[in-house]
Amino acid sequence: MTDRFDPAVADRRWQKRWAEARSFQADSNSAKPKSYVLEMFPYPSGRIHMGHVRNYTMGDVLARFRRMQGYEVLHPMGWDAFGMPAENAAMEKKVHPGTWTRQNIATMREQLQRIGFALDWSRELATCEPNYYGHEQSLFLDLMEAGLVFRKESEVNWDPVDMTVLANEQVIDGKGWRSGAPVERKKLSQWFLKITDFAEDLLEGLGTLDQWPDKVRLMQQNWIGKSRGLQFCFRLAGTAPGGACDIEVFTTRPDTIFGASFVAISPSHPIGEALAAERPEVAEFIARARAGGTSAAEIETAEKLGFDTGLEVLHPLDPDWRLPVWIANFVLMDYGTGALFGVPAHDVRDFEFAKKYHLPIRRVVADSPRGADEPVVEAEPGAGIAVNSRFLDGLASDQATAEVIKRAEAAGWGEGKTQYRLRDWGVSRQRYWGTPIPVVHCEECGPVGVPRDQLPVVLPEDVSFELPGNPLDRHPTWTTVDCPKCGAAARRETDTLDTFVDSSWYFIRFASQPDNRPFDRAEAEKWLPVGQYIGGVEHAILHLLYARFWTRALERIGKIGIKEPFKGLFTQGMVTHETYESLDGRWLNPDEVAVAENGALVERATGTAVRLGRVEKMSKSKKNTVDPEPILDRYGADAVRWFMLSDSPPERDLEWSESGIEGAARFVQRVWRLALAPKGNDGHDAALLRKLHRAIAAVGEAIEGLQFNKSVAALYELASAIEKAKPSATRDEAIRTLLLLIAPGAPHLAEEAWAARGETGMIADASWPAFEPGLLVDDEVTIAVQINGKLRDTMTAARGLSREDAEVLALALPKVQAQLGGGTPRKVIVVPDRLVNIVA
RNA sequence: GCGGACGUGGCGGAAUGGUAGACGCUGGAGACUUAAAAUCUUCUGCCCCUAGAGGCGUGCGGGUUCGAGUCCCGCCGUCCGCACCA
């Protein structure tokens, strides 16, 4: 035993002991209450970064805390192992994606183990292995049989040089991020999941997620984007009444129907395309309208373009009123019906369009019935009173809306409808490194699901990346199969699944992993839903929405009895660091920067000045990352863990700093010195005992609320109270309890100290201490004395002092007398044991 | 444009409407030491030649209250999400 805690020895020792004892293996058959703690599993990009360390430390503290509280805890880890970086590495480094990925997993697993996380490694999984994605294929077939999978033509970003599909983020200034070639829009037949079937349910379910951040719920709500309105038909002028619907539109503002001055259709609308076939000038306009990217920035600056088709439609409420039909670039084909009617006076976008093309702007909503003739200087999208609207005049906007819908439904030209912004989930990726979609295309039978007994459809590993495009497409044998239905020669589907599919059910597979099926329902339901899910807010929408959808889909087909996969969600902040920039604009690594004698920052190599940049999220491009590994070497796992928990509230960003990690390391040594204090003292220390019990309560409450910075502060207070206390039996007990309280955060230190103090068993198996409620308060209290709400003095008194006595004591204080100057107070307010406020 | 969050010392941050600044970092002074590291003690919001039984202080301006960092109204600023969604 030395007077310094040596993490280099202790960390390994206890990691080995926990592994040997299988301390963190979750027993599905345990009689204890269950607790499922999960952090978002990592993409195996190469090495663990500080963001992982922070995320997993938080989850680990909670998992260890729950275990000490007597729960059977499931705290697993795995790898979100499919995805593009592996293919990029394959092309750049000539290494197979599988090799690259599996090496990264091995490295990162070892790194995680060095930090001493209480993980059940027996349940580890990687989504790139057939024993995971094979089960995913079977679930895909289940959804297909249930009618939740369909094929649709859809536009993609196509890189003509790399011959590959690009995600929106890979299109930069309209060019492929790798090839630099202008990106084309190309229509491909792709696989979709019917998430829109669940739009209403996903929206309603948000109401039950009271342990989710409001922010995330709101983001999902906006993403689903429900709106109520009227869907109705315009008939083209010159066609017979009662015929088919010519142009169908959707509007959330039926009350403005008399303000319509044009109808606009999307460049992709069938009517436009039909016209284009006959009139070259239409085709030319459509081509121009479609050019330009789909990114937000481009759309923002895009000028509104319109083309008057010369066609006219009849106003549904006045057959003598004709509206021109325009093709407009701002009308989206995949929202609503791909067509709308424009009301320039009350829609910003329609206003801009009408100004440009000199279309009528007619006020139909005003603040009051008298405002009918007020000029419209800018779009007024708000609600009000209907004007210039015939039978609607005088009605409030919502009444007018209801009236128009009523009439439309009665007359049969339209109906009230709910629209969602949410689109169906396109899961096809023309990529190699992903789960093969288990389908065979047969000329006779169409797309046919691969029979269950032929699963998994294993991704072939004998592929090359020498040529551009998806290597699966040119595989000599893999694509050639017989149709499972008719036996004729057929071709295997070469699209793979979006990796978000892999992460949509991994938490179920963690809970139950039989060999012959994706999961056992009864076993999975013992653990699910996940009690606490922790991850970055960047997954607030897509991953969390897809997982909620997938769980609901499984529920609908009877595979599982829950709809919501994650009961509690916590989104932690990022780990940030200062950035450094050389005078010629290069980003510098922190270790390339030194502090000169005059205190200025200089570049180590050249001695030239360095500019201190903003504090930003650690990223390779800004070169402000700090690799956890050397830090672990230097300070040990517990100091790193402790720093991740202290300083910032978990939901906010944490700035990495040298002084911060050193402070944490100092605390580790402080606790160790306390642990070395001789035991077996006599005597009682009532004040310390109260502080101890207050700390037990405060730390427990803070961890429960995931406020780790507060639990750290409470432990610092306790440690310094113990340091200041004289030896006593109480102090011995306080030291023992301190070890229990730090055990979730600094487990190696806690174990080492536990053993050093001669305690039996591992602290990992110990129980969380209880506190005595009666000991949480002091006998003596400090009472604030205010005059007119301003603090003037304080006084010490026994707890439970009566109102009357408090008032008398306060009025007798010299400072109070001086302030009052002999006058009588008008009123005295007493909050027992807290304060006396004298109103003069 | 729409939606949301947040503004507290030199810094990160604490504060059921009741003593603002817990705890940590940084910095000052001191102790121990031949010296350094480590450790310990102590001070550390601002103002004032009046150092006090003093004044001012939680982005700014109002309001409610005996009492406001906290509640209400209006601004300003920063950050985040969505974005031609009919």
Side-chain angles (χ1 to χ4, degrees), chain A residues 3-4 213-216 218-223 225 227 229-231 249-253 256 264 266 295-304 328-332 334-343 347-350 352-353 379 381 419-423 537-538 540-541 615 643 646-649 651-655 657-660 662-664 666-667 669-670 673 698 707 709-717 719-720 723 782-795 813-819 825-831 833-840:
Chain A
D3 60 348
R4 279 191 74 76
D214 290 343
K215 177 187 176 165
V216 174
L218 194 68
M219 282 165 75
Q220 292 215 352
Q221 185 186 315
N222 292 340
W223 189 262
S227 52
L230 172 70
Q231 186 155 321
V249 297
F250 173 75
T251 178
T252 56
R253 293 296 300 277
T256 63
S266 162
S295 80
E298 284 173 284
I299 288 165
E300 165 134 34
T301 52
E303 189 189 4
K304 295 206 172 12
N329 65 338
F330 65 85
V331 184
L332 307 171
D334 52 3
Y335 182 78
T337 59
L340 56 83
F341 70 86
V343 183
D347 182 283
V348 177
R349 194 190 43 198
D350 295 347
E352 194 186 324
F353 190 77
Q419 256 322 317
Y420 298 91
R421 205 190 75 109
L422 184 69
R423 313 289 158 77
V537 73
E538 67 272 20
I541 296 174
V615 174
F643 178 51
S646 39
D647 277 15
S648 291
E651 67 278 11
R652 289 201 217 165
D653 291 350
L654 171 72
E655 189 188 340
S657 71
E658 199 73 11
S659 56
E662 270 169 6
R666 233 178 349 252
F667 180 69
Q669 297 300 340
R670 249 172 105 193
R673 282 194 297 277
Q707 299 171 304
N709 57 322
K710 288 205 234 169
S711 76
V712 166
L715 284 163
Y716 281 138
E717 279 186 86
S720 79
E723 282 166 350
T782 306
I783 295 174
V785 180
Q786 299 177 334
I787 292 171
N788 294 332
K790 268 186 152 334
L791 182 74
R792 291 297 170 188
D793 204 355
T794 59
M795 59 188 191
L813 291 168
K815 286 189 190 180
V816 172
Q817 287 297 321
Q819 287 280 336
R826 282 198 289 139
K827 192 175 172 187
V828 178
I829 285 137
V830 179
V831 182
D833 294 337
R834 290 216 76 130
L835 68 73
V836 178
N837 187 17
I838 297 156
V839 186

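All values below come from the heavy atoms of this structure, side chains included, with hydrogens, waters and symmetry mates left out. Residue numbers start from 1 in every chain, and the chains themselves are labelled A, B, ... in the order their sequence lines are given, proteins ahead of strands.
Rounded to an integer number of Å, the gap from A/Glu662 CD to B/A37 C1' is 12 Å. Taking atom CG of A/Leu791 as the reference point, atom P of B/G69 lies 13 Å away to the nearest angstrom. If you take CG of A/Asn222 and P of B/G4, they are 9 Å apart, rounded to a whole angstrom. Here the P atom of nucleotide B/U78 and the CZ atom of A/Arg652 are 18 Å apart, to the nearest Å. In this structure, A/Leu715 atom CG and B/C23 atom C1' are separated by 11 Å, rounded to whole Å. At whole-Å resolution of the value, CD1 in A/Ile829 and C1' in B/G18 are 11 Å apart. A/Leu340 places its CG atom 10 Å from the P atom of B/C85, with the value rounded to the nearest Å. Following rounding to the nearest Å, A/Glu655 (CD) and B/C11 (C1') show an atom-to-atom distance of 9 Å.
Within 4.0 Å of A/Lys215, counting heavy atoms only, lie sugar-phosphate atoms of the nucleic acid but no base atom. A/Arg826 comes within 4.0 angstrom of nothing in the nucleic acid, heavy atoms only. Among the heavy atoms of the strands, none lies under 4.0 Å from A/Val348. Residue contacts shown for A/Thr251 are limited to sugar-phosphate atoms, with no base heavy atom under 4.0 Å away. Contacts of A/Val785 with the nucleic acid, taken as non-hydrogen atoms under 4.0 Å apart, are absent. As judged by a 4.0 angstrom heavy-atom cut-off over every strand, A/Gln786 is placed among the base-contacting residues. A/Tyr716 comes within contact range of the sugar-phosphate backbone alone, with a heavy-atom separation under 4.0 Å but no base atom that close. Using a 4.0 Å heavy-atom cutoff across all strands shown, A/Asp350 reaches no nucleic acid atom at all. Residue contacts for A/Ser657: at a heavy-atom cut-off of 4.0 Å it reaches no nucleic acid atom on any strand shown.
A/Thr794 has its side chain out of reach of A/Val785: every pair of non-hydrogen atoms, C-beta onward, lies at least 4.5 Å apart. A heavy-atom distance below 4.5 Å is found between the side chains of A/Met795 and A/Val836. The shortest side-chain heavy-atom distance between A/Arg652 and A/Asn709 does not fall under the 4.5 Å cut-off. Two residues are said to be in side-chain contact when any heavy atoms from C-beta on lie closer than 4.5 Å; A/Thr251 and A/Val249 fail this criterion. Contact check for A/Tyr335 versus A/Arg423: side-chain heavy atoms found under the 4.5 Å cut-off. Proximity of A/Ser227 to A/Arg421: side-chain heavy atoms (C-beta onward) are nowhere separated by under 4.5 Å.
Annotation: B/C56 and B/A68 have their P atoms spaced 13 Å apart (nearest Å). Taking atom C1' on both B/G67 and B/G10, the two are 31 Å apart, rounded to the nearest angstrom. Rounded to whole Å, the C1' atom of B/G9 lies 4 Å from the corresponding atom of B/G45. To the nearest whole angstrom, the two P atoms, one in B/C40 and one in B/C23, are 15 Å apart. Taking atom C1' in both B/G59 and B/G7, one finds a spacing of 6 Å when rounded to whole Å. If you take atom P in B/G21 and the same atom in B/A37, they sit 33 Å apart, rounded to whole Å. Nucleotides B/G17 and B/C71 have their C1' atoms positioned 8 Å apart, rounded to a whole Å. Distance noted for atom P between B/G3 and B/A86: 13 Å (whole Å).
Taking only side-chain atoms of A/Ser659, from C-beta outward, the nucleotide of B/A38, B/A86, B/U26 with the closest atom is B/U26. When the nucleotides B/G54, B/G81, B/C85 are ranked by their closest atom to the side chain of A/Arg792, B/G54 comes out on top. With distances taken from any side-chain atom of A/Asp647 to the nucleotides B/G13, B/G24, B/C85, the minimum falls on B/G24. Of the listed nucleotides (B/C84, B/A86, B/U19), B/C84 has the atom at the smallest distance from the side chain of A/Asn329. Nearest nucleotide to the A/Arg673 side chain, out of B/U19, B/G18, B/U39: B/U39. The listed nucleotides are B/G18, B/C40, B/C25; the one nearest the side chain of A/Arg670 is B/C40. Checked against B/G12, B/C25, B/C85, the side chain of A/Ser648 finds its nearest nucleotide in B/G12. Closest to the A/Asn837 side chain, of the nucleotides B/G18, B/C40, B/C85, is B/G18.
Between A/Arg666 and B/C25, a side-chain N or O to OP1/OP2 separation shorter than 4.0 Å is present. The phosphate of B/A14 has OP1 or OP2 within less than 4.0 Å of a side-chain N or O from A/Asn709. Contact annotation: A/Lys827 side-chain N/O to B/G67 OP1/OP2 distance is not under 4.0 Å. Note on A/Arg834: a side-chain N or O is less than 4.0 Å away from OP1 or OP2 of B/U19. Applying the 4.0 Å criterion to OP1 and OP2 of B/C84, one finds that A/Arg421 has every side-chain N and O outside that range.
Checking B/G3 for Watson-Crick or G-U wobble geometry (two distances, each under 3.5 Å) identifies B/C80 as its partner. Searching all strands for a Watson-Crick or G-U wobble partner of B/A37 with both distances below 3.5 Å returns nothing. Base pairing of B/C46 is made with B/G55, judged by Watson-Crick or G-U wobble geometry with both donor-acceptor distances under 3.5 Å. Nucleotide B/G17 forms a pair with no other nucleotide shown, judged by Watson-Crick or G-U wobble geometry with both contacts under 3.5 Å.
Annotation: cation-pi geometry satisfied between A/Lys304 and A/Phe330 (NZ/CZ under 6.0 angstrom from ring centroid, within 45° of ring axis).
RNA chain B is contacted by both A/Leu835 and A/Tyr335; A/Leu835 maps to the nucleotide lying nearer its 5′ end (nearest heavy atom per residue). When each of A/Gly338 and A/Asp653 is assigned the nucleotide of RNA chain B bearing its nearest heavy atom, the one mapping closer to the 5' terminus is A/Asp653.
Looking only at distances, no side-chain donor or acceptor of A/Gln707 sits under 3.5 Å from a matching main-chain atom of A/Pro649.
Shown here, B/G61 is classed anti by the O4'-C1'-N9-C4 or O4'-C1'-N1-C2 angle, which is more than 90° from 0.
Taking all atoms of both residues into account, the shortest heavy-atom contact from A/Met219 to A/Ala540 is CE-CB, 3.7 Å.
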